[in-house]
Amino acid sequence: MGIRRRIPLRPGSCRGDELMSPAAPVGVLAAGWFDRMIVQPGKLPLAILLLAFVCTFLFIRCSVRMIRAGVSWWPGNVTPGGLHIHHMVFGVIFMIVAGFGVFGPAGDRSPWLELCAALFGVGAALVLDEFALMLDLKDVYWSSQGRVSVDAVVIATAVIALMLLGATPLGVTDAFRGWQFLTLLVLFHGAMALITLAKGKIWTGMLALFIPLVGVVGATRLARPHSPWSRWRYPPGSPKAERAQRRETDERWMNTLKDTLYNVFAGRPSS
C-alpha cells in the first residue's frame, strides 16, 4: 500500500478540497483561483501591469473629458509658462524609469518588480492614449483621426490579456525544441499576421500574433477597400475591389457599434 505525502501549505492558503467544495465562500474561491492561475505561474507583475494600464486609461479619459467640459473644480492641463505638456510626456518618463528599475540590481525581486510593472502600465496607457498625436505629429486628440489612439489602447489591452492567459507570440512554446522548425513556425505565423495587417484588419492581425489560426483566416479573406493590400492587388473596377466595397458597406453596422462604444468610454469627437 502506497504512502501519501502531505504537501505543506503556506500560511493563509486553502486546501484544494476546500476550494472545490460548493460550500466554499466566493472570496475563498476567487483567492484560490488567483493564487493558482496568477501568483504561482509568476504572472502577478503582468496582472498588475494590465490593471494599472486599464485604470490609467479610464482615469485619463475621464480627466480630459472633464477639462473639455470646462468643469471649474477639476485641475486643468499642465501648462508651465504657457507650454501645454501632453500626458504622453509623463508616460514616456514613467516607462523609462520602470525600464531602468527592471534592469537594475533589484529589478527581479518583489516588490520592486511589481512596482515597476505598475509604473510601466501607467506610462504605457498615457503614451498610447495620445498615440494618434505621435502618428500625425499634430494635435488630433478630439478629431476622428484621434480614434486611432483608442484602437491602440484596446489592442494593447487584448494583447496583455492574451499573454496573461498564457498565449505566446507567433505560437512559440517550450514544446518546440528544434530551432529549424521553430524558425519556420515564426516566419509562417509572422507572414500571416503581416498579410492580415496589410489587408486592413488591425484587430485580426494583432490577435494573429497570438492565435495562429486567426492569422491564416485573416490572410485568406478579402481585404478592406482602403487597405494597402487592396491598393496593391485590387485594381479599380475589378471584381475583388467591388466585392470588398460591398462587404465594407454590409459591415457598416459594426463600425457604428464601435463608434457608439468609443463615444461612451472615450468621448465623442469634434465635428
Side-chain angles (χ1 to χ4, degrees), residues 26-27 29-31 33-69 71 74-75 77-78 86-99 101-102 110-135 141-142 146-169 202-211 214 254 257-269:
V26 176
L29 292 174
W33 176 90
F34 186 82
D35 183 74
R36 185 174 65 257
M37 302 299 296
I38 302 298
V39 178
Q40 293 182 10
K43 299 178 182 178
L44 183 59
L46 189 60
I48 294 175
L49 190 154
L50 177 60
L51 181 62
F53 182 84
V54 173
C55 291
T56 302
F57 170 72
L58 294 177
F59 170 77
I60 200 63
R61 278 286 166 170
C62 176
S63 176
V64 295
R65 292 177 72 175
M66 298 281 275
I67 296 173
R68 187 189 190 191
V71 178
W74 188 260
N77 295 316
V78 179
H86 292 273
H87 49 262
M88 66 179 174
V89 176
F90 299 100
V92 171
I93 295 174
F94 291 160
M95 292 173 68
I96 292 175
V97 172
V102 168
S110 184
W112 303 113
L113 180 59
E114 289 78 9
L115 291 175
C116 289
L119 187 61
F120 189 89
V122 171
L126 295 177
V127 170
L128 290 183
D129 185 57
E130 293 191 325
F131 177 75
L133 279 72
M134 297 184 294
L135 192 64
Y141 193 88
W142 289 117
R147 286 300 173 91
V148 176
S149 298
V150 187
D151 287 333
V153 169
V154 174
I155 291 173
T157 303
V159 168
I160 300 173
L162 285 172
M163 295 175 64
L164 192 61
L165 293 174
T168 54
I202 306 300
W203 289 66
T204 308
M206 295 303 298
L207 290 177
L209 294 174
F210 295 87
I211 307 176
V214 174
M254 296 180 61
L257 177 61
K258 187 185 78 169
D259 290 340
T260 302
L261 293 175
Y262 279 14
N263 289 340
V264 172
F265 292 102
R268 187 182 298 274

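Basis for what follows: all heavy atoms, side chains included, without hydrogens, waters or symmetry-related copies.
For the atom pair OG1 (T56) and CG (L51), the distance works out to 8.5 Å, reported to the nearest 0.5 Å. Note that CZ of F53 is 5.5 Å distant from CD1 of I160, once rounded to the nearest 0.5 Å. Going from atom OG of S149 over to atom CZ of F57 covers 8.5 Å, rounded to the nearest 0.5 Å. In this structure, CE on M37 lies 6.0 Å from NZ on K43, to the nearest 0.5 angstrom. Put simply, CG on L207 and CG on L162 are 6.0 Å apart, with the number rounded to the nearest 0.5 Å. The structure places CD1 of I96 at 11.0 Å from CG of L119, a figure rounded to the nearest 0.5 Å.
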Problem - V54/L50 under side-chain contact (heavy atoms from CB on, under 4.5 Å): CA gap, chis, key distance, verdict - result: CA-CA 6 Å; V54 173; L50 177 60; 4.0 Å; yes
Exercise for the section: Output, in order, the C-alpha distance, side-chain angles, deciding distance and verdict of side-chain contact (heavy atoms from CB on, under 4.5 Å) for R65 and W142. Expected result: CA-CA 10 Å; R65 292 177 72 175; W142 289 117; 3.8 Å; yes
Exercise for the section: Show the numbers, then the answer: is there a side-chain contact (heavy atoms from CB on, under 4.5 Å) between L164 and I38? Expected result: CA-CA 8 Å; L164 192 61; I38 302 298; 4.1 Å; yes
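In terms of heavy-atom proximity, Y262 sits nearest to R147 at CB-NH1, 3.0 Å. Closest heavy-atom contact between S110 and E114: OG-OE1, 3.2 Å. Smallest separation of non-hydrogen atoms from C116 and V102: CB-CG2, 3.6 Å. Taking both residues in full, the closest heavy atoms of A117 and P45 are given as CB-O, 3.3 Å, listed atom of the first, atom of the second, then distance.
When each of D151, V150, V154, N263 is tested with K258 by the rule side chain to side chain contact (heavy atoms under 4.5 Å, CB included), just one qualifies, namely D151.
Every residue two or more places apart in sequence or in another chain was checked for a side-chain hydrogen bond (donor to acceptor under 3.5 Å, both in side chains) with N77, and none qualifies. Taking S63 as the reference, W74 meet the side-chain hydrogen bond (donor to acceptor under 3.5 Å, both in side chains) condition, with sequence neighbours excluded.
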Show me, pair by pair, the donor-acceptor contacts under 3.5 angstrom made by side chains of residues 121-134, not counting sequence neighbours?
residue	atom	partner	partner atom	Å
D129	OD1	R61	NE	2.7
D129	OD1	R61	NH2	3.2
D129	OD1	Y141	OH	3.4
D129	OD2	H87	NE2	2.9
D129	OD2	Y141	OH	2.6
E130	OE1	M88	N	3.1
E130	OE2	H86	ND1	3.2

